[in-house]
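Worksheet for the structure shown next.
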Amino acid sequence: MDQQLFAEIYDAHAQAVYAHAVRMTSDRAGAEDIVSLTFLEAWRLRETLDGVTSHRAWLLGVAGNVIRNTRRAARRHSDAMARLPRSEVIPDPADAVVSRIADTARASAALAALDQLRRADREVIVLSVWAGLSHAEVAEACGTKEATVRSRLSRARSRLRKLTTAELAAEPAEGRASVSRTAREGNL
């Protein structure tokens with residue numbers, strides 16, 4: 001069979017093979033693959049077309065075989081995948097990097113904001129948060145009452161939150177310069 005005759009058979013029956021494949025698989029994208037495989041198989045078997053009375057019926061038969069083979073291959077693949085041991089979900093390292101970048105930005109903004117607090121408020125925050133002292137220990141270190149430490153700490157945290165939010169919203173270059181100055185001077 002020559003290529004011209006095969007091209008005519010394709011033009012005449014490709015749409016019918018596609019419609020049959022869609023009906024059989026309910027998958028338009030998969031049906032396109034079925035059409036391709038059907039005509040590839042038909043080209044391979046083109047020498048047997050001489051005795052065929054209905055090219056359409058023959059092609060639909062080939063398509064049926066292709067569909068069965070495709071389903072069988074998919075089932076085998078699925079079974080093989082099911083036999084593989086379940087792998088643990090590996091966390092995306094990019095998530096950790098993004099988290100570290102965000103944490104660094106927040107920490108830098110907090111350090112810059114800490115520099116803007118009154119000395120007494122900054123001292124209470126540093127002793128409580130970074131040194132990990134209890135309210136009673138902070139009061140002893142500052143030479144004040146525990147109730148005063150609690151109120152200063154509450155006020156300082158609230159102000160620090162607002163200043164940190166403002167720092168994060170500010171230009172990156174502005175906020176980072178004060179952070180590096182704070183870190184160099186050892187004001188923490």
Side-chain angles (χ1 to χ4, degrees), residues 18-19 21-37 67 69-188:
Y18 175 76
V22 167
R23 283 189 295 271
M24 294 296 290
T25 64
S26 300
D27 177 13
R28 292 185 182 279
E32 291 174 3
D33 293 339
I34 299 296
V35 171
S36 296
L37 291 170
I67 291 168
N69 290 341
T70 302
R71 285 181 178 161
R72 188 178 310 119
R75 191 171 45 251
R76 286 179 182 156
H77 179 265
S78 178
D79 291 346
M81 294 303 289
R83 287 190 301 269
L84 290 176
R86 298 280 180 209
S87 62
E88 292 182 27
V89 175
I90 299 172
D92 187 359
D95 292 340
V97 170
V98 169
S99 177
R100 272 187 259 142
I101 290 170
D103 289 346
T104 301
R106 280 192 297 272
S108 296
L111 288 173
L114 187 65
D115 221 12
Q116 299 173 36
L117 291 178
R118 291 182 346 185
R119 185 198 56 76
D121 291 345
R122 183 173 50 239
E123 184 178 29
V124 169
I125 288 277
V126 169
L127 290 172
S128 178
V129 175
W130 275 297
L133 298 180
S134 69
H135 293 148
E137 292 170 324
V138 173
E140 185 180 330
C142 293
T144 188
K145 297 179 183 173
E146 191 173 338
T148 304
V149 168
R150 288 181 194 277
S151 66
R152 278 187 190 166
L153 190 56
S154 175
R155 182 180 57 242
R157 282 184 173 152
S158 176
R159 179 124 168 85
L160 186 61
R161 225 183 295 13
K162 288 177 186 173
L163 290 171
T164 300
T165 301
E167 278 291 323
L168 286 171
E171 282 289 321
E174 292 174 9
R176 304 311 167 246
S178 63
V179 170
S180 58
R181 181 177 47 76
T182 302
R184 279 194 310 270
E185 293 173 358
N187 289 337
L188 300 176

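Counting from 1, the numbers follow the sequence of the chain as shown.
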Exercise. Between the side chain of Ser151 and the main-chain N/O of Thr148, is any donor-acceptor distance below 3.5 Å?
Worked result: yes
Seminar exercise, completed: d(Gln116 CD, Lys162 NZ) to nearest 0.5 Å is 13.5 Å
For this session: Kindly compute the distance separating CE (Met81) from NE2 (His77), expressed to the nearest 0.5 Å.
Result: 5.0 Å
Exercise. Do you know which two heavy atoms are closest between Ala156 and Ile125, and how far apart they sit?
Worked result: CB-CG1, 3.5 Å
For this session: Indicate yes or no: does Glu146 engage Arg150 in a salt bridge with an N to O separation below 4.0 Å.
Result: yes
Exercise. Would you call Asp121 and Arg159 a side-chain contact if the rule is heavy atoms closer than 4.5 Å?
Worked result: no
Problem set entry | Side-chain heavy atoms of Ile34 within contact of Asp27, under 4.5 Å | no
Exercise. If every non-hydrogen atom of Leu153 is compared with every non-hydrogen atom of His135, which pair is closest and at what distance?
Worked result: CD2-NE2, 3.4 Å
Exercise. Is there a donor-acceptor pair under 3.5 Å between the side chain of Thr165 and the backbone N or O of Arg161?
Worked result: yes
For this session: List the atom of Ala31, the atom of Val22, and the distance in Å for their closest heavy-atom pair.
Result: CB-CG2, 3.4 Å
For this session: Show the numbers, then the answer: is there a side-chain contact (heavy atoms from CB on, under 4.5 Å) between Arg157 and Val129?
Result: CA-CA 10 Å; Arg157 282 184 173 152; Val129 175; 4.1 Å; yes
Problem set entry | Side-chain heavy atoms of Glu167 within contact of Leu163, under 4.5 Å | no
For this session: Take Arg72 and Arg76 through the test side-chain contact (heavy atoms from CB on, under 4.5 Å) and record every step on the way to the result.
Result: CA-CA 6 Å; Arg72 188 178 310 119; Arg76 286 179 182 156; 3.3 Å; yes
Problem set entry | Taking every non-hydrogen atom, the tightest pair across Val149 and Val138 | CG1-CG1, 3.6 Å
Exercise. Could you walk me through whether Arg119 and Glu123 pass the salt bridge (charged side-chain N to carboxylate O under 4.0 Å, His left out) check?
Worked result: CA-CA 6 Å; Arg119 185 198 56 76; Glu123 184 178 29; 3.2 Å; yes
Exercise. When you measure from the side chain of Thr164 to the backbone N and O of Leu160, does any donor-acceptor pair fall under 3.5 Å?
Worked result: yes
